[in-house]
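For this chain, numbers begin at 1 and follow the sequence in order.
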Amino acid sequence: MDAHHNFLASCSSFEVMVSILFIAYYFPPAGGAGVQRSEKFVRYLPSEGFLPIVITSPGALGDRWTPRDEAFPNESLSKTQIFRAAGPIPQDNGRWNSRLGRWLAYPAQFSKWWVKSATEVALESIDGAKLIFATMSPFSTAKAARQISRRTGIPWIADLRDPWALDEMQIYPSFFHRKLELRRMGRMLSSAAGIIMNTPEAKAALQKAFPFLRKKPVTTITNGYDAADFAGSIPSRTDGKFRIVHTGYLHTELGLDLRRKRSFYRAVGGIETEVDILTRSHVFLLRAIEQWIGRHPEIALELELVFAGVISEQDRSVGENSVISHLIRFTGYLPHAESVRLIRTADLLFLPMHNLGGERRSRIVPGKTYEYMATGRPILAAVPEGDARDFLKRSGVALLTKPDDVGGMVRHLDNAYSAWKKGVSLIMPDYEFISGFDRAALTCELAAFFNQVLEAQEPRHNLIPAS
């Protein structure tokens, strides 16, 4: 964690609040994992001397990827300047038109709209900002930030919540399209004054793929959890059930589609070799529980599986076609506060990830990982080698297995259930390590990186630390 917290010691308050243009397509009242990073940064940046001016989308569409969180508007954002791009948001022109556009590498109507609208709103609202912070995805946000920076002379920082063209889960029509996107990524990031990746592996991959970016300030700021969300006592339960919980998206449809077309995508170079996305779903967990219940039928009387989040028809179908379908509950999307309450009541949390072949390490850590760790509850973590596995192992709360290891899952399920029955714990949480992912601490790191970039752009006396 030393590298992860390389800027923490330099955090300090400032006499003069520095305005920053904060471009984030996903922002309240939209919900979902992508919103949390932006909302928490905006909440805590003022205490670090930075005043965000938010440029965002017209609002929540209520679709699968932008569900509306009814808990907003949030009082913590009541004094924040928020400017929204003009709608309507361009919709998909149909499956075949979208597919043709992907093959011909045409910019999507959505991307063209977002770049144009975000740029126009930002130029009208910039109001003395000293820095532009662009959090992505969508990755077209980089183009908007670059245009605004060129027209105003204000430096911009790229914040990659996912590693863009270096994302091992991304599927492209061909090797050519992958290389084209990689080239676009390098070109856009070359204009940034600083770059933030959200895992150490992603940072290493960035600097290996683009050696010319090594001269720029590049850091890692992970996702995290907000300690305030976990304050107070854990809601009590009287149902007597051994509750297994998963929150967020399942990727059943994408995983099944990739398995059907894997040979084709491998031949044309559209995927990184030996990636299996189906393991980032509930498919293998259900297989494990079916085996477990088959050996110990009496456990079914005390078992409950809860899947909270927006699901697809394929996600639901897999659950309904399982022999343990009567034990499964799909809650649909839950506001973030309710999601946190749910995971705090779990007897076992489930964290699946995609599978990778060979000695490759994943560059991704699912956002839910940090909140899972913060609960201090045991986590059945079916994850590949990489930062997620490293963090979970260090946290002391994980029961680790490979993503497709059904037998390993059965053993962990049996051990976790036995411990629950006896009222003992299988885990020893390292709360000192876990606390390093608190959103307030991460925002402190972000502020320190802002100062580093600003000090490289202008004389140091423009930013005077308070005594």
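The existence of a salt bridge linking R266 and E274 is confirmed by a sub-4.0 Å separation between a basic side-chain nitrogen and an acidic carboxylate oxygen. D390 and R361 are joined by a salt bridge, as a carboxylate oxygen and a charged side-chain nitrogen come within less than 4.0 angstrom of each other. Classification of R259 and D276 as a salt-bridged pair holds, one side-chain N sitting under 4.0 Å from a carboxylate O. Salt bridge annotation for D229-K40: present, with a cationic side-chain nitrogen under 4.0 angstrom from a carboxylate oxygen.
Every residue meeting the ring pair (Phe, Tyr, Trp, His ring centres under 6.0 Å) condition with W164, not counting sequence neighbours, appears here in chain and number order: F139. Taking F22 as the reference, F133 meet the ring pair (Phe, Tyr, Trp, His ring centres under 6.0 Å) condition, with sequence neighbours excluded. Residues satisfying the ring pair (Phe, Tyr, Trp, His ring centres under 6.0 Å) criterion with Y225, sequence neighbours excluded, are F230. Residues passing the side-chain hydrogen bond (donor to acceptor under 3.5 Å, both in side chains) test with T375: none are found, sequence neighbours excluded.
With rounding to the nearest 0.5 angstrom, the CE atom of M409 is 12.0 Å from the NZ atom of K402.
Note on ring orientation: taking the six-membered ring where Trp is involved, the planes of F437 and F433 are perpendicular (angle over 60°, cut-offs 30° and 60°).
Screening residues 209-223 for salt bridge (charged side-chain N to carboxylate O under 4.0 Å, His left out), with sequence neighbours left out, gives no hits.
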Report, one line per pair, each donor and acceptor closer than 3.5 Å where one atom sits in a side chain of residues 204-212; sequence neighbours left out.
none

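Note that R262 lies outside the cation-pi zone of Y265, set by a 6.0 Å cut-off to the ring centre and a 45° limit from the axis.
Within the 3.5 Å criterion, the main-chain N or O of L250 finds no donor-acceptor partner in the side chain of S281.
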